[in-house]
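Here's the structure, in structure tokens; my notes come after.
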Amino acid sequence: MNKIWLSAMLFAVVLVISIITSGQTSSLGKDTLTMITSPDYPPYEFYDTKAGNRQIVGFDIDIARALTQELGFKLKIMESDFNGLIPALQANRADFVMAGMTPTPERRKNVDFSIVYYQAKDTIVAPKNSNLKQPQDLAGKKIGIQLGTIQEQSAKKIAQKVPGIELKQLNKVPEIVQEIKSGRIDAAIVEDTVARGFSQANPDLEFNVIPSEQESGSAIAFPKGSNLVKPFNEGLQLLKDRGELEKFVTKWFSQNTSTATVSSRPAKGGLNLDFTRILPDIPFILKGIPLTLLFTLFSVFLGLIWGTILSLCKITGIKPLRWLANAYTSIFRGTPLLLQLALVYYATPQLTGYDISALEAGVLTFTLNSGAYMSETIRGGIQAVDKGQAEAAMSMGVPYRLMMWDIILPQALKNILPALVNETIGLLKDSALVSTIGVVEILRSAQIVGANRYIYFEPLLFAGLIYYVLVMGLTKSASVLERKLRQSE
Ligand code: ARG
């Protein structure tokens, strides 16, 4: 048992170090530039789920690749909701943003922009035959817009002139489209090229260009004072001169590059599930499984080690240690896991300067959190081991550390196995929470497929099935393990 524990510890340490260093090479040594985008915006940037290879593709991505290649950098792509892009630049999480972003005066106060590489217009997207074509038609209507975009500004300006408009801000453009289709909003203000893709994919929708309330081209955003602006501008000019930009425009914005095959709106009231609609995307969702499993194993394993350390602190005679361990547990059990996750992910770069990846933030938070829970379980397990054993060991002169390692902990662990399995199941399901910080695990894969295909029920049900099968597998293997341990008694 002793050896197993030692090698387990060693393994954990090596893993942690490798996680930390793997993240560092790319952010420190600047041979790679990190771009952050909001991949909800076909044809500018969106997930290509068809190939099952979970790639972000689109007009902006092609330009970014051509530019970084031209300048001799490798490219790494991160994602966030649109309204999180500028904060990401400010926190130095990324070197630049390409997300069909318009260089508005307000944004210029916080970030620097390249030259405009594509001009766009605003449109009204609405159900066919609804006759919502001009701003004045929107009187008394409910209008959807993407949070933090210039379309939100345009809609606000229109609402000042046209009476009775109610605005609904949403995080992602596919959500807006879905809301129109389900009749929760009447129309939306969306950029022309994006609107075209969505209306092609959804024959029940149409779009009409409206007079511009403001400029709406796209430019690349950089942190204030970034020395990348100049080379990027030169690169953009080069792409323009060589006609490459034009090629990308034709590739992505020509009439028939529809974004995703789309099912028509389900009959009202009827549930009509049809899993064949997500068939081509199933590999994409399944690819979330290894990540989820790896994540869970890591967190359980590190949590177990951390929990053991905490539990030992809780039963020692050293008062400050006991106090600290108890305070720690009470904090981590007393606040929501989701909140801890967001704090670790968003605050770490500011506090430590280390640009923690979403996955690392997830493992760290889950380890810290499950350590708190496990410490109580392990403490209970230790205290349940017959006192006589400890007394006997001490009277035979076995040192405290050896006694714990060799005699008490192994028995405690065996006794608390069912509780540990419970904890693991909990972690496996809670791993879905890391989807909120952009890790594309099972749940998020399912949501991406849903957004791309405008169907929500089937991918979510499928994801539910995967979780269930995983938990069942875990339960089965745990009971086999338990039986083995009992036999060896
Ligand atoms: N051009 C608009 C803006 O800058 C909308 C951009 C939205 N981009 C996106 N990837 N969702 O506000």
Side-chain angles (χ1 to χ4, degrees), residues 34-48 55-64 77-90 93-94 96-125 143-158 167-180 188-198 201 207 209-222 248-249 252-253 259-260 438 447-448 451-452 454:
T34 306
M35 150 172 161
I36 187 160
T37 188
S38 166
D40 60 342
Y41 215 51
Y44 287 86
E45 45 264 330
F46 59 103
Y47 267 99
D48 176 14
Q55 272 224 48
I56 301 180
V57 297
F59 178 61
D60 282 344
I61 313 299
D62 276 358
I63 299 181
I77 300 178
M78 297 204 319
E79 65 168 293
S80 109
D81 280 349
F82 188 79
N83 64 327
L85 294 176
I86 291 190
L89 282 187
Q90 289 173 319
R93 300 214 99 149
F96 66 100
V97 165
M98 282 186 82
M101 186 180 273
T102 308
T104 62
E106 302 89 79
R107 287 180 187 154
R108 278 189 198 281
K109 285 182 202 146
N110 298 303
V111 294
D112 286 345
F113 279 103
S114 72
I115 52 176
V116 168
Y117 57 85
Y118 189 74
Q119 279 295 352
K121 299 184 192 85
D122 281 346
T123 75
I124 296 177
V125 176
I143 308 301
I145 55 255
Q146 186 177 27
L147 182 67
T149 60
I150 59 160
Q151 283 69 36
E152 183 184 7
Q153 302 307 323
S154 306
K156 282 184 180 153
K157 283 185 190 150
I158 295 174
L167 299 180
K168 181 163 184 185
Q169 284 99 335
L170 290 153
N171 276 327
K172 298 188 161 60
V173 179
E175 286 166 9
I176 301 180
V177 175
Q178 185 60 30
E179 290 285 85
I180 304 182
I189 312 263
V190 180
E191 222 169 293
D192 53 350
T193 35
V194 177
R196 182 176 310 126
F198 279 110
F207 71 100
V209 175
I210 52 175
S212 278
E213 294 289 331
Q214 61 206 315
E215 201 219 339
S216 53
S218 303
I220 311 173
F222 304 86
F248 292 146
V249 171
W252 293 105
F253 296 153
T259 60
Q447 286 170 334
I448 289 172
N452 272 1
Y454 315 96

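For ligands, and for the atoms within them, numbers begin at 1 and follow the listed sequence. Keep in mind that this is a model prediction, so the values were computed, not measured.
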Atom 5 (C) of ligand 1 sits nearest the protein heavy atom Q151 OE1, 3.1 Å
State whether the shortest distance between N or O atoms of Y41 and N or O atoms of ligand 1 falls below 3.5 angstrom. no
Taking atom 8 (N) of ligand 1 as the reference point, the nearest protein heavy atom with its distance: A99 O, 2.8 Å
Could you list which atoms of ligand 1 come closer than 4.0 Å to a heavy atom of E45? 10 (N)
Here the atoms of ligand 1 under 4.0 Å from any heavy atom belonging to Q146 are 7 (C), 9 (C), 11 (N)
Taking distance alone, with N or O pairs closer than 3.5 Å, would you say T149 contacts ligand 1? no
Please report the shortest heavy-atom distance between D60 and G100, naming the atom on each side. OD2-N, 2.8 Å
CG-CZ distance between L89 and R107, expressed to the nearest 0.5 angstrom: 11.5 Å
Below 4.0 angstrom from a heavy atom of M101, which ligand 1 atoms are there? Numbered from 1 as shown, please. 4 (O)
Report, in ascending order of atom number, the atoms of ligand 1 lying under 4.0 Å from any heavy atom of T102. 1 (N), 2 (C), 3 (C), 4 (O)
Do Q151 and D122 come close enough that some side-chain heavy atom pair is under 4.5 Å? yes
What protein heavy atom sits nearest atom 12 (O) of ligand 1, and how far away is it? I150 N, 2.6 Å
Is the contact between D40 and ligand 1 made by the side chain, the backbone, both, or neither, using heavy atoms and a 4.0 Å cut-off? side chain
A student checking ligand 1 against E191 at a 4.0 Å heavy-atom cut-off should list atoms 1 (N), 2 (C), 5 (C)
So that I know where these two stand, are Y118 and F253 an aromatic pair - ring centroids less than 6.0 Å apart? yes
Of all the atoms in ligand 1, which lie at a distance below 4.0 Å from a heavy atom belonging to S38? 10 (N), 11 (N)
Looking only at the side chains, is there a donor atom on one of E215 and T102 sitting less than 3.5 Å from an acceptor on the other? no
Could you state the interatomic distance from CZ (F198) to CD (E191), rounded to the nearest 0.5 Å? 12.0 Å
Taking all heavy atoms of Q146 and all of K172, pick out the closest pair and write down the distance. NE2-CA, 4.0 Å
What do you reckon, does R107 put a non-hydrogen atom under 4.0 Å from ligand 1? yes
Spacing of CH2 belonging to W252 relative to CD belonging to E45, to within rounding of 0.5 Å: 10.5 Å
Tell me which protein heavy atom sits closest to atom 6 (C) of ligand 1, plus the residue, atom name and distance to 0.1 Å. G100 O, 3.3 Å
For F82, state whether at least one heavy atom is located under 4.0 Å from any atom of ligand 1. yes
Is it the case that the side chains of E152 and Q169 hold a donor-acceptor pair, with the cut-off being a distance below 3.5 Å and no angle test? yes
Would S216 count as a contact residue for ligand 1, given that I'm defining contact as a non-hydrogen atom of the residue lying under 4.0 Å from a ligand atom? no
Residue of the set I61, V97, I220 for which side chain to side chain contact (heavy atoms under 4.5 Å, CB included) holds with M35: I61
